[in-house]
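These notes are about the structure you will find just below.
We count residues from 1, following the sequence as given. The model shown is predicted, which means the values in this text are computed figures rather than measured ones.
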Amino acid sequence: MEIALIIIGLAVIITPIFLYNSLISKKNTVKESYSGIEVQLKRRYDLIPNLVNTVKGYAKHEKETFENITKARTQAMSSSNIHEKAKAENEISDTLKSLFAVAENYPALKADQNFLHLQQELSDTEDKLSASRRFYNGAVNSFNTAIESIPTNIIASIFKFQKSEFFEIEASEKEQAKNPTKIKF
């Protein structure tokens, strides 16, 4: 009888510790996966000025396009929460499409090796950013599910764990992902 009480007592002590540690692990995975997004966004932010300067050399009269992409980049870099950052990133995607549309009008630009290299780097970055978003959203889903599931939700409530936000793309970008625009250079 005493052994059974000891086992029950240990279970009552160990289970909450295990659940708490599980939540901490999931929360840290969310933070780590978000840092992966930030690494790719920084790479993207670093590529944009080089791309704009390359296009500027050929398309001097496209001032509005250059201003829009610079404004979108600045807004994205200064975003303070994930919702603002996702919105700003969607704006960057839209302005980059405009920039590439401008480039379509300049055959010499389309043949420029620097432009082609930057375009390839940006494409690679977009692919890595997409993978980072998927990893982050998977981590958020796991964490949020744990917070809402019994018995972990009790521990989450006691220690005030908050649900994390998904890094979502806008509906227009979701449609774009299903039917991507073909840009030929």
* **Residues in side chain to side chain contact (heavy atoms under 4.5 Å, CB included) contact with Glu121, at least two apart in sequence or another chain** => Arg43, Leu47, His117
* Asked: Rest of the hydrophobic cluster containing Ile8 (Ile/Leu/Val/Met/Phe/Trp/Tyr, side-chain heavy atoms under 4.5 Å)?
  -> Val12
* **Contacts of type side chain to side chain contact (heavy atoms under 4.5 Å, CB included), residue Thr54, not counting sequence neighbours** => Leu109, Asp112, Asn114, Phe115, Leu118
* To do: Give every residue pair that meets the side-chain hydrogen bond (donor to acceptor under 3.5 Å, both in side chains) criterion with at least one member in residues 149-166, sequence neighbours excluded.
  => Glu148-Lys163
* Structure fact -> One should read off an interatomic distance between Leu19 CG and Phe159 CZ, to the nearest 0.5 angstrom, of 10.5 Å
* Name all residues meeting the salt bridge (Lys or Arg N to Asp or Glu O under 4.0 Å) criterion together with Asp127; count only those two or more places apart in sequence or in a different chain, and write none if there are none. => none
* For Glu126, all residues meeting salt bridge (Lys or Arg N to Asp or Glu O under 4.0 Å), sequence neighbours excluded -> Arg44
* Could you list all the salt bridge (Lys or Arg N to Asp or Glu O under 4.0 Å) pairs where at least one residue sits in residues 67-86, not counting sequence neighbours? => Lys63-Glu67
* Structure fact -> Residues passing the side chain to side chain contact (heavy atoms under 4.5 Å, CB included) test with Asn105, sequence neighbours excluded, are none
* Structure fact -> Residue set satisfying salt bridge (Lys or Arg N to Asp or Glu O under 4.0 Å) with Glu38, at least two apart, ordered chain then number -> none
* **side-chain hydrogen bond (donor to acceptor under 3.5 Å, both in side chains) contacts touching residues 8-34 (sequence neighbours left out)** => Lys26-Ser142
* Structure fact -> Lys42 meets the side chain to side chain contact (heavy atoms under 4.5 Å, CB included) criterion, sequence neighbours left out, with Asp46
* Tell me, please, which residues at least two apart from Lys128 pass salt bridge (Lys or Arg N to Asp or Glu O under 4.0 Å). => Asp124
* Structure fact -> For Ile24 and Phe161 the tightest heavy-atom approach is CD1-CZ, 3.7 Å
* **Any donor-acceptor pair under 3.5 Å from Asn141 side chain to Asn137 backbone** => no
